[in-house]
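This report refers to the structure that appears directly beneath it.
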Amino acid sequence: MSDFKFELIKQIAILSETPKGWTKELNLISWNGRDPKYDLRDWAPNHEKMGKGVTLTKEELEKLGEILSELH
């Protein structure tokens with residue numbers, strides 16, 4: 001498995017937290033020095049470990065927002 005780097009640019013929201021302290025977060029993250037993307041995933045306390053997640057461009061996030069607003 002190759003090494004990768006990430007930089008948490010902005011923590012946008014914590015959606016939930018488990019009893020063990022893991023949080024499901026929406027953040028703006030730069031992966032391997034690339035342009036930041038919106039990222040939704042589980043994080044261990046202090047961001048020392050991460051679960052699998054989904055990254056979205058601004059356009060994808062906006063489209064998702066439109067779809068979610070139509071569900072109400």
Side-chain angles (χ1 to χ4, degrees):
M1 184 174 186
S2 62
D3 290 335
F4 64 94
K5 296 179 183 180
F6 70 92
E7 179 184 358
L8 192 141
I9 305 297
K10 181 179 181 183
Q11 188 175 40
I12 298 169
I14 295 175
L15 304 176
S16 62
E17 184 173 349
T18 68
K20 292 187 178 184
W22 281 68
T23 52
K24 186 176 305 289
E25 301 182 17
L26 178 62
N27 297 316
L28 191 59
I29 295 183
S30 170
W31 297 98
N32 295 318
R34 295 189 181 113
D35 288 340
K37 290 189 176 183
Y38 294 91
D39 183 85
L40 181 63
R41 74 179 62 241
D42 292 330
W43 289 93
N46 300 317
H47 294 119
E48 72 259 8
K49 293 182 183 178
M50 67 181 84
K52 291 184 179 181
V54 175
T55 58
L56 302 166
T57 63
K58 181 179 180 185
E59 293 78 17
E60 291 168 332
L61 185 69
E62 289 171 349
K63 181 70 174 179
L64 179 59
E66 291 171 11
I67 292 167
L68 292 174
S69 69
E70 292 173 4
L71 293 176
H72 291 267

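- Side-chain contact between T55 and L40 is absent, with no heavy atoms from C-beta onward closer than 4.5 Å.
- Of all non-hydrogen atoms in L8 and I29, the two that sit nearest each other are CA-CG1, 4.3 Å.
- Taking OH from Y38 and CG from L28, the interatomic distance works out to 5.5 Å, rounded to the nearest 0.5 Å.
- Summarising the geometry, atom CH2 belonging to W43 is positioned 7.0 Å from atom CG belonging to N27; distances are rounded to the nearest 0.5 Å.
- Between I9 and S30, the closest heavy-atom pair is CG1-N, 4.0 Å.
- Listed by first and then second residue, the ring pair (Phe, Tyr, Trp, His ring centres under 6.0 Å) pairs involving residues 12-32 are F4-W31, F6-W31 (not counting sequence neighbours).
- Contacts of K5 classified as side-chain contact (heavy atoms from CB on, under 4.5 Å), with partners at least two apart in sequence or in another chain: N32.
- For Q11, the side-chain hydrogen bond (donor to acceptor under 3.5 Å, both in side chains) partners two or more places apart in sequence, or in a different chain, are E25.
- Within the model, atoms CZ of R41 and OG1 of T23 stand 12.0 Å from one another, a figure rounded to the nearest 0.5 Å.
- Rounding to the nearest 0.5 Å places CD of E66 at 10.0 Å from CG of L68.
- By the criterion of side-chain heavy atoms lying less than 4.5 angstrom apart, applied directly or through intervening Ile, Leu, Val, Met, Phe, Trp or Tyr residues, M50 is not grouped with L15; the two fall into different hydrophobic clusters.
- For K24, the side-chain hydrogen bond (donor to acceptor under 3.5 Å, both in side chains) test picks out D42, with sequence neighbours left out.
- With sequence neighbours excluded, the residues that form a side-chain contact (heavy atoms from CB on, under 4.5 Å) with E60 are L56, T57.
- In this structure I67 satisfies the side-chain contact (heavy atoms from CB on, under 4.5 Å) test together with K63, sequence neighbours excluded.
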